[in-house]
Each structure stands twice: as structure tokens, then as C-alpha cells.
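To keep things clear, I will list the structure first and then write my remarks on it.
Here is the naming used below: chain letters follow the sequence lines, and residue numbers restart at 1 for every chain.
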Amino acid sequence: MVTPILSQRAPACKEARPCKIGVSQRIQEHPMRTSQFFFNTLKEAPADAEVISQKMMLRAGYIKRAAAGIYTWMPLGLRVLRKVENIVREEMNRAGALELLMPAVQPAELWQESGRWEQYGPELLRFKDRHQREFVIGPTHEEVITDVVRRDVKSYRQLPIHLYQVQSKFRDEIRPRFGVMRGREFLMKDGYSFHSSFADLQREYGNMYNTYSRIFTRLGLKFRAVAADTGSIGGTGSHEFHVLADSGEDDIAYCPNSDYAANIELAEALAPNETRAPAAQAMSKVATPDQTACADVAAYLGIPLADIVKSIAVVSEKEGGSTSFALLLLRGDHDLNEIKAGKIAAIEPFRFATESEIEAHLGCKPGYIGPVAVDREKVAVIADRSVAAMSDFVCGANEAGFHLSGVNFGRDLPPPEVADIRNVVAGDPSPDGQGPLAILRGIEVGHIFQLRQKYAEALNCAYLDENGKSRIMEMGCYGIGVSRIVGAAIEQGNDDRGIILPPAIAPFEVCLVPMGYHKSEAVKEAADQLYADLKAAGIDVVLDDRNERPGVMFADMELIGIPHRVVIGERGLKEGQLEYKGRRDEEAVMIAQADIVGVLKGKLCAA
RNA sequence: CGGAGUGUAGCUCAGCCUGGUAGAGCACUGCGUUCGGGACGCAGGGGUCGCAGGUUCGAAUCCUGUCACUCCGACCA
């Protein structure tokens with residue numbers, strides 16, 4: 001369906017709806033009639049769409065793919081994007097931040113100055129202008145904002161200051177996927193605060209924590225704030241905000257009995273309470289001719305996976321050029337946590353050893369390597385806390401085709417260095433002692449950092465304090481993935497008929513579906529009147545005035561995710577009744593014509 | 001970066017093995033019927049079969065190259 005946007009203007013709508021959602025996101029607009037809008041829906045999603053939100057957004061005509069990980073936001077999808085953006089903007093403003101707009105294209109000099117020109121890999125899109133000057137398309141804006149602030153902020157009297165923008169970013173992801181959830185170009189709100197003290201940074205960090213919580217609550221999403229690793233951006237304190245959805249890319253460990261929640265990258269795996277049982281078995285060599293993986297060895301020997309110790313060979317290349325080799329020991333049923341392991345001084349930074357390095361140090365191919373009888377001078381052995389508590393375990397024999405069983409620390413090999421290097425699993429005790437952990441999938445939609453002085457120092461962003469002394473500023477940075485939120489919201493809200501969005505961000509709050517708009521004068525009149533009434537009441541309503549069969553209109557309005565539907569039919573009108581159905585409702589209900597505006601207002605304000 | 005796969009109409013796909021005038025469904029245009037859950041009939045418009053070479057009388061089809069896209073992997077030995 002293709003219709004031109006006509007030049008008609010909507011009647012001015014000044015009436016504000018008294019509602020906690022606020023009125024500022026009301027958009028002045030053309031009459032919202034489907035016959036004059038522009039959208040098209042598909043019965044089938046493109047074959048390469050992977051996740052539900054991506055399929056739904058393409059089918060509903062929210063977005064069109066322009067290239068891998070790059071999308072056009074069509075008018076319908078843009079309405080959703082803008083609603084999200086506006087809620088974010090309102091709350092940021094309310095929290096005292098000031099909006100500005102920085103360039104998407106940034107000069108290489110700033111990135112060279114901060115050191116990230118070298119640090120960033122191919123993810124950073126670089127190019128040259130006609131004068132052969134180097135530029136990047138910003139994946140983030142720490143450098144630019146720091147440059148802005150260092151130029152103009154000279155005195156402690158000007159601090160603190162918090163500046164933010166809503167801007168397109170570009171990250172040249174290895175594998176863009178999941179539609180707008182992991183696109184290369186995406187819309188992000190990024191804010192940066194500058195302070196004269198760490199204490200003030202912490203105050204603002206708390207302010208943002210609360211602001212973010214308010215934003216995601218207003219958006220109508222199920223979310224959780226979780227303690228996070230600070231990753232490559234660097235800094236100290238950090239929280240991620242995750243929308244909870246099975247298709248999420250991150251694992252979140254949380255305690256159902258308390259507030260504890262952490263990205264699995266960070267969640268601490270406590271040492272087992274039980275002390276190590278005394279050795280009961282003699283160490284012996286067992287033949288495992290074809291069993292190289294832990295699960296195969298366990299099955300072959302008929303023992304639990306948790307009785308096996310797996311050894312992961314890593315190599316650490318220090319800046320000075322020295323390299324060291326280490327074995328990381330994990331229980332068979334546990335997974336290595338690279339972030340935690342990467343923080344161990346002895347092996348930081350590490351990478352996985354190559355096959356030849358493994359043979360050189362252990363005299364054995366991968367699959368049968370183990371910690372027994374290795375030269376501790378040359379091979380560091382670091383065991384996870386859970387491994388340190390094991391006795392009579394099975395591990396590789398450093399001889400192809402064999403494992404050792406009945407192995408015990410102290411007797412068969414020296415005690416290892418012990419560290420927390422595994423991912424927590426469901427059922428592990430919560431670090432706060434409030435019960436067992438559970439694990440959920442989440443989509444990261446917000447991230448707040450205490451950056452401290454990393455960039456301020458690199459870019460010499462300084463001010464004069466009360467004593468006229470020059471000091472480096474403290475920085476915080478706060479991001480929200482605006483376009484990703486749209487995908488995440490749809491991951492959280494959909495059914496086999498299409499998208500289900502919270503009213504706060506749905507493309508329209510209410511749709512009117514008249515039965516026979518082009519046949520029945522009574523229906524047309526009632527529909528037009530109700531449309532005008534709802535508009536006047538400040539409700540974001542769309543009238544489906546296409547000359548389509550009812551099934552088509554119902555299906556489209558459901559697919560594009562409109563939360564409330566009113567059907568106007570001749571049958572009901574004779575009784576003074578209209579039919580109402582919520583997007584998630586099983587059955588429609590009849591409501592008196594006179595009450596419908598009030599009922600809808602009530603439903604929208606209660607949301 | 002390694003492996004696998006796919007490129008044919010806006011979308012979903014067939015045709016390719018075995019070379020011979022480019023197809024179906026959905027979508028789109030017109031007419032008619034239909035009209036409370038993605039209707040039906042008739043008539044249409046739309047594709048240099050990813051691109052470039054090659055083989056051949058003749059290539060969507062076979063060969064070579066290239067580009068794009070997708071999936072899996074790039075850590076758990």
C-alpha cells in the first residue's frame with residue numbers, strides 16, 4: 001500500500017491528557033488515517049531474519065534493510081523510535097543533564113590523542129577525506145566530549161556538568177545480526193558528566209542509576225540493573241541495564257531473594273563450603289582411546305562430569321616480551337570465565353595456547369593434557385575454587401589416549417594456585433548469602449560507568465580548583481541503546497499475530513477499525529467522530545479507513561503492535577455500542593459509545 | 001580470519017542435475033463479485049537469473065574468477 005503524505009494539517013491539538021506519562025511526546029502530525037499514511041506489511045519475513053523482533057519489524061514495515069546491520073526506519077517504526085527517544089530525553093533533562101549534538105564524523109587526531117586509534121580494531125570505521133585527512137565515524141564520543149569540555153570548562157565553579165546527545169553511532173561489527181539489536185549503525189543516547197571530585201561523580205552516578213530505572217519503567221519494559229564488568233572502556237563502578245528476554249545475548253546471574261544481580265562475566269563463584277575430602281583412591285592411569293572431551297570421558301568411564309578436572313592451556317605474552325604458559329583447571333561441568341581469568345596477574349593478558357605450544361610444554365596433544373607431573377617452573381597451574389575442593393578426580397595424563405583417575409592434590413601433585421575463574425551456574429550460592437543464584441538472559445540496553453580520569457587524563461581535561469591548582473576532572477559516562485530498545489521491547493512483547501508494545505512506545509495507542517467505512521454512512525460518521533474525540537482527548541489514535549476487508553485490517557493492526565483496538569460496526573451502533581479489544585485480550589467486550597473515550601483514557605493512564 | 005551455504009520479480013521460493021522463448025504464491029494495476037479475521041475470478045505491469053570472463057550454434061543451467069549476503073566457528077582440548 002503506497003499513499004502520498006498529503007499536505008493537510010491536523011487540527012491544532014492543545015488539550016493535554018492529565019496522565020503521568022506526560023504530554024511532551026505528543027506529536028503534532030497529519031491526520032492519522034491509514035489511507036494517508038505509508039506502510040506496508042508482509043506475510044513472510046525475509047529469509048535471513050533471525051530473531052523474532054527482526055522478523056516482526058520487517059514484516060510490520062517498521063524498518064527496511066539497507067545493508068548488513070544498517071536499516072532505514074520507516075515512518076511507522078520511526079514513531080516508535082522517537083517515542084523511546086523522547087522518554088529518554090525527558091528523563092535526562094529532568095535529571096539535570098543538558099542536551100547537545102556532537103558530530104558523527106570525528107577527526108582521527110582525537111582518537112590518536114586518547115590512544116584508542118591504536119587500541120580499537122577494525123570495529124572502528126576509518127576513512128579519509130579528499131585532503132587525505134583521517135576520520136572515523138564515531139562508535140562513541142568520549143574523545144569529542146572531553147575535547148569540548150577541556151576547551152570551555154576552566155574552573156571548579158563550572159562543575160559539575162553533564163552533557164548528553166542522541167546520535168547515530170557506527171561500529172563495524174564482525175557479524176551484525178539480530179536486526180536493530182546488533183546493527184552496525186544504531187541510535188544511542190550517550191551522556192558524559194564531569195566532576196571536581198570522585199564523591200561528586202558517585203553522586204551523579206547514583207542519580208543516573210535512578211534516572212535509568214525510571215526510564216525503563218516508563219518504557220514499560222521488564223528490566224534489571226546488574227553489576228557489570230567495566231570492559232574496554234575502563235573505569236571503576238559500572239552497571240548494565242538489561243531487558244529480560246530469552247533471546248538476549250548476555251547471561252545475568254541474580255538472586256531471586258534479594259537485589260543481587262550481576263553479569264555472568266562478573267558474578268563471583270564462591271568457594272565451596274565443604275573442605276576437601278581426604279584421598280580415598282590410588283592414582284591410576286586409565287585408557288580413554290578416543291575420549292578427548294570431558295563429557296565423553298565421563299560417559300566412557302561412567303562417572304559424573306563433576307568428577308573430572310579439565311585443563312585449559314593458556315599463554316601470556318607480557319609487554320616486555322616474556323611469555324609464560326599456564327594450565328587453568330576447571331571442574332568438568334564448569335565453564336571458564338575469561339574476564340575473571342584475565343584479571344589474574346600471573347597470566348594477564350592471556351590467550352589460548354596453540355596446539356604446538358601445548359605439545360612443547362606438555363609433550364602431548366590437546367585432549368589428554370593435565371596438571372600432574374608438569375614442570376611447575378615452566379607451567380603455572382591455576383585451579384578454580386571448586387577444583388581446589390575436589391579429591392579423587394579424573395584428569396588428562398599428558399599422554400595420548402590416557403587419563404588419570406583418583407588424583408589428589410598434595411599427594412599426586414603440588415597444590416595449585418587457587419582463584420575464581422569460572423562462570424557461576426544456576427544453583428550456586430549468591431555472593432550476598434541470600435540463597436541460590438538463578439540465571440536469565442538479558443539484552444543490554446543501558447550501561448553506566450564511572451570512567452574516573454582515564455580520558456580526562458589522556459586529553460588533559462583539567463580545571464582550576466578553589467586554590468588555583470590545576471586538577472584533572474573525574475568523568476562518568478552513561479549510554480542507552482535507543483534503537484536496540486525497540487528490538488528488545490519487541491523481543492519481550494510479541495505473539496503469533498505480531499508485535500505487542502507497551503502503550504508508551506507503540507506506534508499508536510489506539511486504532512479504530514470501522515466495518516464498512518466506505519459503505520455505511522453511520523459507521524463513517526461514528527468513526528470520524530470518535531477519531532476526533534480521541535484526538536481531542538490527547539490520545540494517539542489511528543483510523544484504519546482503507547477500503548479493505550476486515551480481516552486485513554485486523555491482521556495489520558495486530559501485526560504493527562497497537563495496544564488498543566476499537567471496532568465500529570453497524571450492528572453495535574444500533575445499540576449504541578462499540579467493540580473494544582486489548583492487544584493481549586482473548587475476547588472483545590462491548591462498551592457504550594458514550595463511555596469509550598473515558599474507558600480508553602483510563603486504560604492508558606493506568607498503564 | 002577459517003569452514004559451509006545462498007544469490008532467479010518488492011517478499012517467499014521453484015527451474016539448474018540432463019543447456020533450447022524465465023515460472024508459481026504473496027504484493028502491485030484495472031474490471032467484476034465479495035465484505036466481522038490476511039477473499040475470488042478475469043485481464044495486466046514488473047526480472048540484462050549478483051557481476052565478469054570462458055565453453056557452446058545456443059547458458060539461469062556447465063567451467064573459472066569475482067562480489068555480496070547468510071549460517072557455523074574463531075574459548076572451554
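- A/Arg546 contributes no side-chain N or O that forms a donor-acceptor pair with the base of B/rG38 under 3.5 Å.
- Per the geometry, CG belonging to A/Asp335 stands 10 Å off C1' belonging to B/rC75, to the nearest Å.
- Rounded to whole Å, the separation between the P atoms of B/rC17 and B/rC62 comes to 5 Å.
- With both ends at atom C1', the span from B/rA4 to B/rU29 equals 43 Å, rounded to whole Å.
- Note: CE (A/Met515) to P (B/rA39) measures 13 Å, nearest angstrom.
- Between A/Arg385 and A/Glu268, at least one side-chain N (NZ, or NE/NH1/NH2) sits under 4.0 Å from a carboxylate O, which counts as a salt bridge.
- B/rA60 and B/rG7: their C1' atoms are spaced 11 Å apart (whole Å).
- Rounded to whole Å, the P atom of B/rG58 lies 26 Å from the corresponding atom of B/rG15.
- With hydrogens and angles disregarded, a donor-acceptor distance shorter than 3.5 Å links the side chain of A/Lys310 to the backbone of A/His334.
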Derivation and outcome, salt bridge (charged side-chain N to carboxylate O under 4.0 Å, His left out), residues A/Arg441 and A/Asp250: CA-CA 6 Å; A/Arg441 302 289 283 178; A/Asp250 290 294; over 6 Å; no
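- Annotation: B/rC11 and B/rG50 have their P atoms spaced 14 Å apart (nearest Å).
- The CD atom of A/Glu338 sits 10 Å away from the P atom of B/rC76 (whole-angstrom rounding).
- With a cut-off of 3.5 Å on both pairing distances, B/rA9 has no Watson-Crick or G-U wobble partner at all.
- Nucleotide B/rC16 forms no Watson-Crick or G-U wobble pair with any nucleotide shown, as no partner meets the under 3.5 Å limit on both distances.
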CA sep, side-chain torsions, deciding dist, call: A/Asp544, A/Tyr517, side-chain hydrogen bond (donor to acceptor under 3.5 Å, both in side chains): CA-CA 9 Å; A/Asp544 198 347; A/Tyr517 186 84; over 6 Å; no
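- Along RNA chain B, the nucleotide nearest to A/Glu44 and the one nearest to A/Arg549 differ in position, and the one closer to the 5' end is contacted by A/Glu44.
- No contact: A/Ala67 has no heavy atom under 4.0 Å from any strand.
- Distances from the side chain of A/Pro46 to the nucleotides B/rC11, B/rC76, B/rG36 place B/rC11 closest.
- Taking atom CD1 on A/Ile369 and atom C1' on B/rC76, their separation rounds to 11 Å, with Å as the unit.
- Distance from the side chain of A/Val552 is smallest for B/rG38 among the nucleotides B/rG38, B/rC76, B/rG36.
- Atom CD in A/Glu173 sits roughly 17 Å away from atom P in B/rC1 (whole-Å rounding).
- Pairing for B/rA39 goes to B/rU33, judged as Watson-Crick or G-U wobble with the two contacts each under 3.5 Å.
- A sub-4.0 Å separation between OP1 or OP2 of B/rU70 and a side-chain N or O of A/Arg65 is present.
- Here, B/rC16 and B/rU6 have their C1' atoms 14 Å apart, quoted to the whole Å.
- In this structure B/rG44 sits in a base pair with B/rC28, meeting the Watson-Crick or G-U test at under 3.5 Å.
- The base of B/rG38 sits within donor-acceptor range of the side chain of A/Arg59, with an N or O pair under 3.5 Å.
- Separating the C1' atom of B/rG19 from that of B/rA24 is a span of 22 Å, rounded to the nearest Å.
- Taking a pair to require two hydrogen-bonding distances under 3.5 Å in either a Watson-Crick or a G-U wobble arrangement, B/rU70 pairs with B/rA4.
- Pairing for B/rU55 is absent, judged as Watson-Crick or G-U wobble with the two contacts each under 3.5 Å.
- Relative to the side chain of A/Lys43, the nucleotides B/rU12, B/rG36, B/rC26 differ in distance, and B/rC26 lies closest.
- No contact: A/Val513 has no heavy atom under 4.0 Å from any strand.
- Between A/Glu558 and A/Arg565 a salt bridge is recorded (basic side-chain N to carboxylate O distance below 4.0 Å).
- At distances below 3.5 Å, at least one donor-acceptor pair connects side-chain atoms of A/Tyr62 with backbone N or O atoms of A/Ile560.
- Using a cut-off of 4.0 Å between Lys/Arg side-chain N and Asp/Glu carboxylate O, A/Arg583 and A/Asp495 are scored as salt-bridged.
- Side chain of A/Leu559, nearest nucleotide from B/rG38, B/rC76, B/rG36: B/rG38.
- If you measure from atom CE of A/Met557 to atom P of B/rG38, you get 16 Å, rounded to the nearest angstrom.
- The CE atom of A/Met56 sits 20 Å away from the P atom of B/rC11 (whole-angstrom rounding).
- A/Leu58 comes within contact range of no nucleotide atom at all, as no heavy-atom separation falls under 4.0 Å.
- Comparing B/rG2 with B/rU12, their P atoms sit 29 Å apart, to the nearest whole Å.
- Summary of the strand contacts: A/Gly69 and A/Phe554 both lie near RNA chain B, and taking for each the nucleotide with the nearest heavy atom, the more 5' one is attributed to A/Phe554.
- Considering only side-chain atoms of A/Asp556, the nucleotide from B/rG38, B/rG36, B/rC76 that sits closest is B/rG38.
- If you check distances only, the side chain of A/Asn40 never reaches the base of B/rG10 with a donor-acceptor pair under 3.5 Å.
- At whole-Å resolution of the value, CG in A/Asp333 and P in B/rC76 are 17 Å apart.
- The closest donor-acceptor contact from the side chain of A/Asp585 to the backbone of A/Lys581 lies at 3.5 Å or more, if one exists at all.
- The base of B/rG37 sits with one of its N or O atoms less than 3.5 Å from a complementary donor or acceptor on the side chain of A/Glu558.
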